[in-house]
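In what follows, chains are A, B, ... by sequence order, proteins preceding strands, each numbered from 1. In this text the structure is predicted, and so the values were computed from the model without any measurement.
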There are 2 protein chains.
Amino acid sequence: MTAERSTRDRLLDSFETLLVSDGSRAATLEAVAAHAGASKGGLLYHFHTKDELIGAMLDRLRDHAAADVERMRVAPEGPAAYYLNTSVDSGSDFDRALIATARIAQENVDAASETLDAVRADWLAVLFEHLNDRPLAQAIQLMGDGLYFNDTTGNQDPQALTSAHEILKRLGL
Amino acid sequence: MTAERSTRDRLLDSFETLLVSDGSRAATLEAVAAHAGASKGGLLYHFHTKDELIGAMLDRLRDHAAADVERMRVAPEGPAAYYLNTSVDSGSDFDRALIATARIAQENVDAASETLDAVRADWLAVLFEHLNDRPLAQAIQLMGDGLYFNDTTGNQDPQALTSAHEILKRLGL
DNA sequence: ACTACTGTACCGTCTGGACGGTACATATTC
DNA sequence: GAATATGTACCGTCCAGACGGTACAGTAGT
């Protein structure tokens, strides 16, 4: 009857947090365990290797993504606006998982790149399905990616999101 | 009368290459030296610490950026189209320096984040100066960022650039 | 008794950095 | 013009600490 997060989940949370806020270099097994208030032995009980920890992170992203695509499909403001809005909400669990995975992908981890590609393809499919206009769908995805990019490099201009919406309006959305 | 690249330059080139293709984790001093065909001692002769190596990388980016802003200002196709085109040309020296710096910035290196912000501000200024339309300027920059983001995570859809240009056309450019 | 851990000790490897040495080109002094 | 410095551009080796991973003994709750 408790909503407490399991140690396993907390370890994944910590891995995510360290990746997002300090980069892959800081996300060592010891640092992850310490951040989660667990021992290194405890971490290795749940994840036998670092690859297994990464794999669990990718599973988590896929779960979030499947749910997000559903929300996007039925969003009252439409998929395009929903997509842009959530692209800048880097506080959400989903976004954290996404950014964390992007950082892993940078170290030439194929599984991470592939997961990322799959998620992006799903998004684009929903945008295209709704708009029936490929250039527009891709441009929206590009702007969403841009909002991410800014967010993840510490550059946060609150006007950027407003500008993206304004452009959508001019394009007849 | 020779155009040979100095060891110092080659070391910086290698640092850049390792950052771009394998991430910050792979860009160790030893790996950089080995990639440049130099010894670790030789590297440390030119750059006394890793921070100094990073500093030199930021200097290089600033130099490239200043030149790029000038080219953008006088580009015959206009700053907007020039910006989008160069955003996807990740083979250029400038882009390599930019991506390398973005990776450094992810490890909470303030100097790198600040340099990146400054470069982005310069670009936006030229776009705004030319278009006199803030939302449009920002949207273009977002699409450019998106093209980068895709490029750097291994996802390279050649249609994306075409779509971005198509949207510019629809917006009256 | 089983699950879910903690804690400690350890291994082999990698890391940033310090350091001493080498080769050679260019002054400086006599 | 020979001898002696000085500076530049490196190489190779060493070190303390951190890394991913292993092993295992112990503990607390169910």
Between D95(B) and Y148(B), a side-chain donor and acceptor under 3.5 Å:
yes
Pair [X] + [Y]: basic N to acidic O under 4.0 Å:
X	Y	answer
R170(A)	D133(B)	yes
E16(B)	R60(B)	yes
D13(A)	R8(A)	no

Protein-proximity profile, nucleotides 3-20 of chain C, B/S/- by nucleotide at the 4.0 Å heavy-atom cutoff, equals SBBBB-------SBB---
With W123(B) as partner, the option from F128(B), F94(B), Y82(B) fulfilling ring-ring contact (aromatic ring centres under 6.0 Å, His included) is F94(B)
A side-chain contact here means heavy atoms from C-beta on lying under 4.5 Å apart; do L58(B) and R62(B) qualify?
yes
Per the under-4.0 Å heavy-atom filter, residues of residues 14-24 of chain B near DNA chain C come out as none
Q) E107(B) and R25(A): salt bridge (charged side-chain N to carboxylate O under 4.0 Å, His left out), yes or no, with the steps? A) CA-CA 7 Å; E107(B) 323 280 322; R25(A) 216 146 183 204; 5.4 Å; no
